[in-house]
2 protein chains.
Amino acid sequence: MARPRRISDELARQQADQPAGEVARFGVDEPLLLDAGIALAPFQIAYRTYGTLNAARSNAILVCHALTGDQHVASDNPVTGKPGWWEIMIGPGKPIDTDRYFVISSNVLGGCMGTTGPASTDPATGKPYGLSLPLITIPDMVRAQAMLVKRLGIDTLFSVVGGSMGGMQVLQWATQYRDRVFSAMPIATAARHSAQNIAFHEVGRQAIMADPEWRGGRYLAEGARPSAGLAVARMAAHITYLSDAALHRKFGRRFQDRDAPTFSFDADFQVESYLRYQGEAFVERFDANSYLYVTRAMDYFDIAADHGGSLAKAFAGTTTRFCVVSFTSDWLFPTADSRQVVHALNAAGASVSFAEITSDKGHDAFLLDEPELFAITRGFLDSAARARGIA
Amino acid sequence: MARPRRISDELARQQADQPAGEVARFGVDEPLLLDAGIALAPFQIAYRTYGTLNAARSNAILVCHALTGDQHVASDNPVTGKPGWWEIMIGPGKPIDTDRYFVISSNVLGGCMGTTGPASTDPATGKPYGLSLPLITIPDMVRAQAMLVKRLGIDTLFSVVGGSMGGMQVLQWATQYRDRVFSAMPIATAARHSAQNIAFHEVGRQAIMADPEWRGGRYLAEGARPSAGLAVARMAAHITYLSDAALHRKFGRRFQDRDAPTFSFDADFQVESYLRYQGEAFVERFDANSYLYVTRAMDYFDIAADHGGSLAKAFAGTTTRFCVVSFTSDWLFPTADSRQVVHALNAAGASVSFAEITSDKGHDAFLLDEPELFAITRGFLDSAARARGIA
């Protein structure tokens, strides 16, 4: 397999502060009050837009990215040189049709693609924040997005769409800013992170923090990189994104390069080689501290806990139209998690449709070629657009 | 939670070469021909026995341990000070009744509790083997056990019983030494390691090898210990031993020590604290290189591949009586893996019973208080004992 492009520390630092694409800057007069109880200011949000905002400003769709995603959702990623992570879904004539809708995608708070995160320069010290950045939550990410959306002159989003951690943001939008969300599509997600998912995240964090090159989080200031730890974290996480069946179909027990075992600790099996590549490629595009922050945000996510333990109460009185989607082979965010959301929406009297899509591709199915997902997305948005009066 | 007892390097080294309990030593005149094509000699097997061998030498049960188990199956473990890992199953009046049967349990080849493994002293150098020990396979482990059983004067085992990697050994015994196995009980296991399981093992190995204290495998000779990497490996593996439901029941999203998040990377959630403890306790009792060797042995395991791709052919003509057991919530060795074995045994015309036990405890269920497992084990052995003429 091709080696990933190696990114210099200098480029990585530039990326954190001055990313490609648009940037919305918020000064000390516009602080963001974080759940941790600290006002963050100044801060910035890196974002991309696709399509044209209509005169009524009624056709904007916010697309929220997953754990290691970014704002480059439907155009080449300038860091990796690869296509946007959801180009299969978003573009002219595609299910999220940029001939029709105005698509906004922003890098999450705590990320490392231009939105303020631990790799960003702390204005107080002139050095990267590292762990001195306060912890970020999903509601914090959404608050920042709401400030961006307002700055773009949009009162009400036609839709908020996202999978996995992106779906958590969708659910958060629908509770925190319910009057500003006409429709919402949470995909392969949950209203709270499960114990098993917290456990997997903790393994990843421990792998990073166990790497001596992490340097107590100060690696950027000290010219180091905890690449080995971050690669292990990614490898562990990557297994959870796929199903047993998908791994069996893709790799089975096939050997790499030869027909027999080498009787060594080399990557004998194709699945080992694949995983190692995933780890190596990841460390070239992602900041280790960002990984800590963003996984932690997911762990803390629990909408019901923020509403007296009742998920139905969180959605009470909503007028947003929902389409909830899960995949049969997703064991990271199994269908039961989506059903819990659907039951709460039903209890709240919301307009909700639910689709469990049969797929053997596991959690990552939402990013892949799943015609049923495309058809459902197109249909749901079509119907919502008619209700919204979008041509 | 109580901290595990810290074991000195000296004690660990002694343990590798001179364990508590019995040791069978095989000299240069009795080499073990490994699948890697190398003759291992001398080598030793650490083992324990419980109960009394009858005059007919017909009541011996070999109990095979899982990945990180050992020979101390039904009596206190001298390293940890804890009860034997299967005392709930084995003892006077228990399902594997030591008033009736003679139980043998040995540490596997490649292990670190007294059987020759990478922490053992290489007689050629006087230093620990480290990675200079040839790779070990499940068939190699079973060959070594067969030499031990022969040395104990036993021609035919009344039964071979084990779960997980222990179950792999059971299946291997039943094909490699079919005439020496009267009955066999493979529990929560498979006839080949799956791609997903290889992937999880590879994550663990990469975590160990990424630790600079691993020193290319020479840490024991250099007075180091890759504890951080080994702890991460254990944490990742431990998640796979439990079910999502079990983690939810045990920990849910409960916080540790307080009611609210700390907004830090401390172990906020009980599940994090639990996992960290699992990692810390493990590094005090297990050798990192052994972890590499034993996981690799499981990865290579594929009985059908050794028989022209046909599992049924592997069992053709067997007269062994089988009882195959799986657990509904075991996603590491799901019921489908056991069914594959059962179908092959059926195709081979074998005597086989199969039980899928309803449990939410995941893979580890076979080690826990599962009354249905106890009843099945007792019943299966009773019936086999009558057929074998054991009083």
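Because only heavy atoms are used, hydrogens play no part in the values below, and waters and symmetry mates are left out as well, while side chains stay in. Chain letters run A, B, ... following the sequence lines, proteins first, then strands; residues in each count from 1.
B:Thr137 touches chain A through its side chain: at least one heavy atom from C-beta onward sits under 4.5 Å away, while N, CA, C and O do not. Only the side chain of B:Leu131 comes within contact range of chain A, judged by heavy atoms closer than 4.5 Å. At a 4.5 Å heavy-atom cutoff, the contact between A:Pro261 and chain B is made by backbone and side-chain atoms alike. In this structure, the portions of B:Leu292 lying under 4.5 Å from any heavy atom of chain A include both its backbone and its side chain.
Note: B:Asp268 leads B:Leu34, B:Thr295, B:Asp268 in heavy-atom pairs under 4.5 Å with chain A. Interface remark: of the candidates B:Ile136, B:Asn197, B:Leu275, B:Asp302, B:Asp302 forms the most heavy-atom pairs closer than 4.5 Å to chain A. Highest contact tally toward chain A, considering only B:Arg205, B:Glu213, B:Met209, B:His238, is held by B:Arg205 [criterion: heavy-atom pairs under 4.5 Å]. Interface remark: of the candidates B:Asp35, B:Ile239, B:Val271, B:Leu247, B:Ile239 forms the most heavy-atom pairs closer than 4.5 Å to chain A. Here B:Ser264 is the residue among B:Gly204, B:Gly252, B:Ala305, B:Ser264 with the most heavy-atom pairs under 4.5 Å with chain A. When each of B:Leu242, B:Asp211, B:Asp299 is scored by its heavy-atom pairs under 4.5 Å with chain A, the top score falls to B:Asp299.
Smallest separation of non-hydrogen atoms from B:Ala210 and A:Val232: CB-CG2, 4.4 Å. Scanning all heavy atoms of the two residues, the minimum distance from B:Asp244 to A:Pro334 falls at OD2-CG, 4.5 Å. Closest approach of B:Ser243 and A:Gln196 over heavy atoms only: C-NE2, 4.4 Å.
Under the 4.5 Å side-chain criterion, counting only non-hydrogen atoms from C-beta, B:Arg276 is in contact with A:Glu202.
Atom CZ in B:Phe265 sits 11.5 Å away from atom CD in A:Gln206 (nearest 0.5 Å). The distance from the OH atom of A:Tyr300 to the CZ atom of B:Arg253 is 10.0 Å, given to the nearest 0.5 Å. Of the inter-residue distances, the one linking B:Arg296 atom CZ with A:Phe269 atom CZ reads 6.0 Å to the nearest 0.5 angstrom. Here A:Phe200 contributes atom CZ and B:Thr240 contributes atom OG1; the two are 7.0 Å apart, rounded to the nearest 0.5 Å.
Qualifying side chain to side chain donor-acceptor pair (under 3.5 Å) partners for B:Glu356, counting only residues two or more places apart in sequence or in other chains: B:Thr335. B:His201 is linked by a ring-ring contact (aromatic ring centres under 6.0 Å, His included) to B:His193, counting only residues two or more places apart in sequence or in another chain.
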